[in-house]
There are 2 protein chains.
Amino acid sequence: MKIEILPKNENDAIQKEIISKIRDYINYKNLEPGDKLPSERKLSENFGVSRSSVREAIQTLEFYGLLKSKPQSGTFVADIGSVALNGMITDILRLEKPDFKSLVETRILLELKTVRLAALRRSKEELKEIEEALEAYATKVMNGEDAVQEDLLFHLAIAKASGNSTINTFMLTITPEIITNFTKYHVCDKNIAFIGIQEHRDIYEAIKKQDPQLAKEKMKVHFKMLYQYCYNIPD
Amino acid sequence: MKIEILPKNENDAIQKEIISKIRDYINYKNLEPGDKLPSERKLSENFGVSRSSVREAIQTLEFYGLLKSKPQSGTFVADIGSVALNGMITDILRLEKPDFKSLVETRILLELKTVRLAALRRSKEELKEIEEALEAYATKVMNGEDAVQEDLLFHLAIAKASGNSTINTFMLTITPEIITNFTKYHVCDKNIAFIGIQEHRDIYEAIKKQDPQLAKEKMKVHFKMLYQYCYNIPD
DNA sequence: TTTCTTAAATTGGTTAACCAGATTGGTTTG
DNA sequence: CAAACCAATCTGGTTAACCAATTTAAGAAA
């Protein structure tokens, strides 16, 4: 059993280097919003790396909204000044994989908001989807099966009903990591899951009644266990 | 002047189709966590698309933590059950570009949290960085220059000091879009910016004093204008 | 000189060939 | 019979060649 050095790290290191070089270039040439970067070919030649590596780096910066590449035209600096561009690229370079505690902390924050918004904004269809997710969860638990997935899908259904696409996206990005860690640390053991059914049901009823305050309260109750777990897990 | 149909949309459509086919395949073959997908070559052949398109789709699913590809080995289903996998892919396929309102709504939510956390957890170095960002902002405003970027960098510095890497990442992803829209809708006009200096300073002092409640209050004051703007912008 | 035309050069995107490492199954060896 | 070995094969990643749309600028026409 060898200790696994993630190969991705090396890749990431290369990409970060390229990103930093792109930043340096933008600074050196004093490029402003809307200005064009050199072609991918020239950049790859300039940096001494493959063109596909340059492409990946550009795609990453495009994801963060800092660059915008147009087919058959070029790659352009976004409508963001050089100050913000520099600051953000620096931040991006320093980004590291989120730890579990921050994930849970963020999830709680987001969900206390989504459940309120869902109570206010949910459509009939969305309410129905939440109910279906609830039933799927309850059924699984009653059969004594593991229901971590159904649990999280219930929460995702609420996020979708919140009508806030940004939060919904964020919830989607953190959920897989949450599920993995929950399974690993056995956060949702079966005895707890039984209590979870009623708690879920309470949340659902509050959303159905369109009572945001009650919904938030019920969600807080539901997260009570999570709080404890979150702060007992080793770093 | 032709109406621009974003080329990315078409690309996205293709990618979404591939993602949906991957989901169907996983369902059809009943793949479970840890199982291996067919090679990229076979998938591309199977789906009748180019291999690079398949790769992009896989990378997207990897970003959401649903797949994991290992070099010289294969692409594997993450440690997530098929139920969650299906639900999440369905959600991902439905994702659309976040609207400005949801961005602002989310930003306010996140920042009211980060400012409290920053007051609790900030190190001396982080406090210093916040101060520097504050001064850069004040200087720009006093010179009568536009300071949207410095404004947001101040807020990002707080996010960094919150010690929550997940929220920090989220703040980074929404900031460029925020800046673009602020510039477009002239949210931060210069007369407002002058008031902003004092508000920023108040927030900074609260963080310095390590008073989370006060910090949150000051941030709320700072967001008061934003609230109004947020709900006056047309859809 | 100005404007329109057009063809060559440049662009990001796509496809195909290639590479090094991991996997696998049959063979050998103890 | 089981473990160790090795080569053929398969893998994701990389590189290079190709494509179509776009841009550019030179040249023709006014």
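- For the pair Ser39(A) and dT11(C), the criterion of a side-chain N or O lying under 4.0 Å from OP1 or OP2 is met.
- Side-chain contact annotation: Asp99(A) with Ser165(B), donor-acceptor N/O pair under 3.5 Å present.
- For the 3.5 Å distance criterion, the side chains of Thr90(B) and Arg23(B) qualify, holding a donor opposite an acceptor.
- Across the protein-nucleic acid pair, Lys68(B) atom NZ and dT11(D) atom P stand 19 Å apart, rounded to whole Å.
- Lys36(A) places its NZ atom 6 Å from the P atom of dT11(C), with the value rounded to the nearest Å.
- Rounded to whole Å, the distance from CG on Asp35(A) to P on dT11(C) is 16 Å.
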If you look only at distance, which donor and acceptor atoms sit under 3.5 Å apart when one is on a side chain in residues 72-80 of chain A and the other is two or more places apart or in another chain?
none

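- Rounded to an integer number of Å, the gap from Glu40(B) CD to dT14(D) P is 11 Å.
- Taking the screw axis at each terminus of the helix from dT1(C)-dA30(D) to dG30(C)-dC1(D) from five consecutive base pairs, the angle between the two is 10° to within rounding of 10 degrees.
- Side chain to side chain, Arg107(B) and Thr166(A) fail the donor-acceptor criterion of an N or O pair below 3.5 Å.
- Between Phe170(A) and Phe170(B), the ring centre distance stays below 6.0 Å.
- Phe182(B) and Phe100(B) have perpendicular rings, their planes meeting at more than 60° on a 0 to 90° scale where under 30° would count as parallel.
- For the pair Leu37(B) CG and dT11(D) P, the interatomic distance rounds to 12 Å; values are reported in whole Å.
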For nucleotides 15-19 of chain D, list the nitrogen or oxygen atoms of the protein found under 3.5 Å from its nitrogen or oxygen atoms, one pair per line.
{"residue": "dT15(D)", "atom": "OP2", "partner": "Ser50(A)", "partner atom": "OG", "Å": "2.6"}
{"residue": "dC18(D)", "atom": "N4", "partner": "Arg41(A)", "partner atom": "NH2", "Å": "3.1"}

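- Atom pair Glu56(B):CD and dT14(C):P shows a separation of 7 Å (rounding to whole Å applied).
- Contact annotation: Arg55(A) does not reach the phosphate of dG12(C) (side-chain N/O to OP1 or OP2, under 4.0 Å).
- Rounded to whole angstrom, the span from the CD atom of Glu45(A) across to the C1' atom of dT10(C) amounts to 14 Å.
- In terms of heavy atoms, Phe47(B) sits closest to Lys21(B) at O-NZ, 3.6 Å.
- Side-chain contact annotation: Asn27(B) with Ser82(B), donor-acceptor N/O pair under 3.5 Å absent.
- Rounded to whole angstrom, the span from the NZ atom of Lys42(B) across to the P atom of dC10(D) amounts to 7 Å.
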